Protein chains: 2
Amino acid sequence: MSSAAPCLCARLRQGTRRLSAHYDAALAPLGINIAQYSLLRNIGALAPVSLTDLGRATSLERSTIGRNVRVLQRDGLVAAVRSDGDQRAACIELTPAGRDCLRRALPLWQRCQREIRDRLGPERVDTLLDVLSAL
Amino acid sequence: MSSAAPCLCARLRQGTRRLSAHYDAALAPLGINIAQYSLLRNIGALAPVSLTDLGRATSLERSTIGRNVRVLQRDGLVAAVRSDGDQRAACIELTPAGRDCLRRALPLWQRCQREIRDRLGPERVDTLLDVLSAL
DNA sequence: CATGGATGCGAGTATATACCCGCATCGCGG
DNA sequence: CCGCGATGCGGGTATATACTCGCATCCATG
């Protein structure tokens, strides 16, 4: 029986792909996806921030952060700033274009959040967040 | 307020990364990860199966399936079979090594499933599966 | 039977993600 | 002050994933 049970991880991955596609589609007019939006939000909240700290905040590998930030940097949404202290740290902050992108993305993102909340109901959303935290 | 609310998608992605890492670590002794295990299970259940049908079964892009299957094929876990009908279909099935890998992976996977179920409790697991289906 | 739309795939390209290695810098202990 | 472990990053490599394009095959219709 248990060998026929659904794989929790596979289901979670599948749900994540589907939900990400939904958010990605909503953000597409701005040329960013949900991973980038999330990273931009984190940078905006923590800036100026080092790649290592960004990795800690997002639970992402530092090297992953580096590559993802590079894309945002290429697109002019974030920029490196001179760090006063540690010369190793590559401190990152939003550019005006990045702030503008975040601002315009907000309603699109909120719409996605609302849609999901409406579809699932507030209780199940809260349960989901709770379970994800416990994961 | 809502702009400060947690991003459901980001949380889901984060939880998926964490859970996947857990399953990946458990399956590492067999040289496969959870995505490959899941794909192998699907192939085992549907074989002989075309890439397109595999994609439908897993909600993955057909081109993604093609690339993922290629890795399994390179590792000798799956093989293409002559299709009696449509000459376009690249019918895939498990090799004996693939079946053996699945067999040995089963207890490792079950252990992961049990750990998660123990950590979350059966109700929350069921709720999670329910929510993911509704996503 | 011939042709054109539908379908199945592969390849190109791009991002997300992780792991490992090597380099540069930092800071502490001698 | 000097050296060595700790820390921060970039690059290499690999897989997962998606989108697009082009090719081959299929099939229904004329």
Side-chain angles (χ1 to χ4, degrees), chain A residues 9-10 12-25 27-28 31-40 42 48-56 58-75 77 80 82-92, chain B residues 9-10 12-25 27-28 31-40 42 48-75 77 80-92:
Chain A
C9 190
L12 194 59
R13 291 169 66 87
Q14 189 175 341
T16 296
R17 285 197 302 272
R18 185 159 24 232
L19 190 62
S20 292
H22 188 64
Y23 279 71
D24 285 352
L27 294 169
I32 60 173
N33 58 33
I34 182 57
Q36 294 170 332
Y37 175 71
S38 178
L39 187 49
L40 281 176
N42 273 282
V49 62
S50 73
L51 298 184
T52 296
D53 286 345
L54 262 182
R56 291 204 186 96
T58 56
S59 300
L60 282 169
E61 275 294 308
R62 196 196 40 66
S63 65
T64 298
I65 287 286
R67 290 168 211 277
N68 293 359
V69 164
R70 198 183 308 161
V71 175
L72 298 179
Q73 206 163 359
R74 183 203 61 197
D75 294 346
L77 301 177
R82 266 271 156 276
S83 83
D84 296 336
D86 198 324
Q87 290 305 309
R88 297 167 301 179
C91 280
I92 298 296
Chain B
C9 191
L12 194 59
R13 291 170 65 88
Q14 190 174 341
T16 296
R17 285 197 302 271
R18 186 160 24 234
L19 190 61
S20 293
H22 189 63
Y23 280 71
D24 285 352
L27 294 170
I32 59 173
N33 60 33
I34 182 58
Q36 294 170 333
Y37 175 71
S38 179
L39 187 50
L40 280 176
N42 273 282
V49 63
S50 74
L51 297 185
T52 295
D53 285 345
L54 262 182
R56 291 207 185 94
T58 57
S59 299
L60 282 168
E61 274 294 307
R62 197 195 41 64
S63 65
T64 298
I65 287 285
R67 287 167 213 277
N68 293 0
V69 163
R70 197 183 306 161
V71 175
L72 298 178
Q73 207 164 358
R74 183 203 60 195
D75 293 347
L77 302 177
V81 283
R82 266 268 157 280
S83 84
D84 296 337
D86 197 324
Q87 291 304 309
R88 295 167 302 179
C91 279
I92 298 295

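First the proteins, then the strands, lettered A, B, ... as listed; each starts at 1. As the structure is a prediction and not an experimental result, all values here were calculated from the model.
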Q: Please confirm whether the backbone N or O of B:L54 pairs with a side-chain atom of B:T58, one donor and one acceptor, at under 3.5 Å?
A: yes
Q | Length of the line joining B:Q14:CD and C:dT17:P, which is rounded to integer Å | A | 10 Å
**Q.** Sidechain-backbone polar pair: B:D53 side chain, B:V49 backbone, donor-acceptor under 3.5 Å
**A.** no
(Q) If I take atom CG in residue A:L12 and atom P in nucleotide C:dT17, what distance separates them, rounded to the nearest angstrom? (A) 14 Å
Q.
Whole angstroms only, please: what is the CD-P distance between B:Q87 and C:dT7?
A. 19 Å
Q | Euclidean distance, atom CG of residue A:N42 to atom P of C:dA16 [Å, nearest integer] | A | 14 Å
(Q) Output the rounded distance in Å from CD (A:E61) to C1' (C:dC21). (A) 14 Å
Q. How does protein contact run along nucleotides 3-11 of chain D, one letter per nucleotide 5' to 3', with B for base contact, S for sugar-phosphate only, - for none, heavy atoms under 4.0 Å?
A. ---BBSBBB
(Q) Output the rounded distance in Å from CD1 (B:I65) to P (C:dT7). (A) 19 Å
Q. Would a 4.5 Å heavy-atom cut-off, applied to side chains only, mark A:N33 and A:L27 as touching?
A. no
Q. Within the pair B:R74 and D:dT15, is there a side-chain N or O less than 4.0 Å away from OP1 or OP2?
A. yes
Q: Would you kindly compare A:D75 and A:L60 by the position of their nearest DNA chain C nucleotide and give the one closer to the 5′ end?
A: A:D75
(Q) In whole Å, I'd like the distance from the CD1 atom of B:I32 to the C1' atom of D:dT15. (A) 14 Å
Q) When you check the phosphate oxygens OP1 and OP2 of C:dT15, does a side-chain N or O of A:N68 lie under 4.0 Å from one of them? A) no
Q | NE2 on B:H22 to SG on A:C9, rounded to 0.5 Å | A | 9.5 Å
**Q.** Donor-acceptor contact below 3.5 Å, side chain A:D86 vs main chain A:R88
**A.** yes
Q. How many Å lie between CG on A:L27 and C1' on C:dT15, as a whole number?
A. 15 Å
Q) Looking only at atom types and distance, does a side-chain atom of A:T64 sit under 3.5 Å from a main-chain N or O of A:L60, one as donor and one as acceptor? A) no
Q: Please check if any side-chain donor atom of B:R17 sits under 3.5 Å from a side-chain acceptor atom of A:S59, or the reverse.
A: no
Q) How would you label the contact of B:N33 with the nucleic acid (heavy atoms, under 4.0 Å): base, sugar-phosphate, or nothing? A) sugar-phosphate
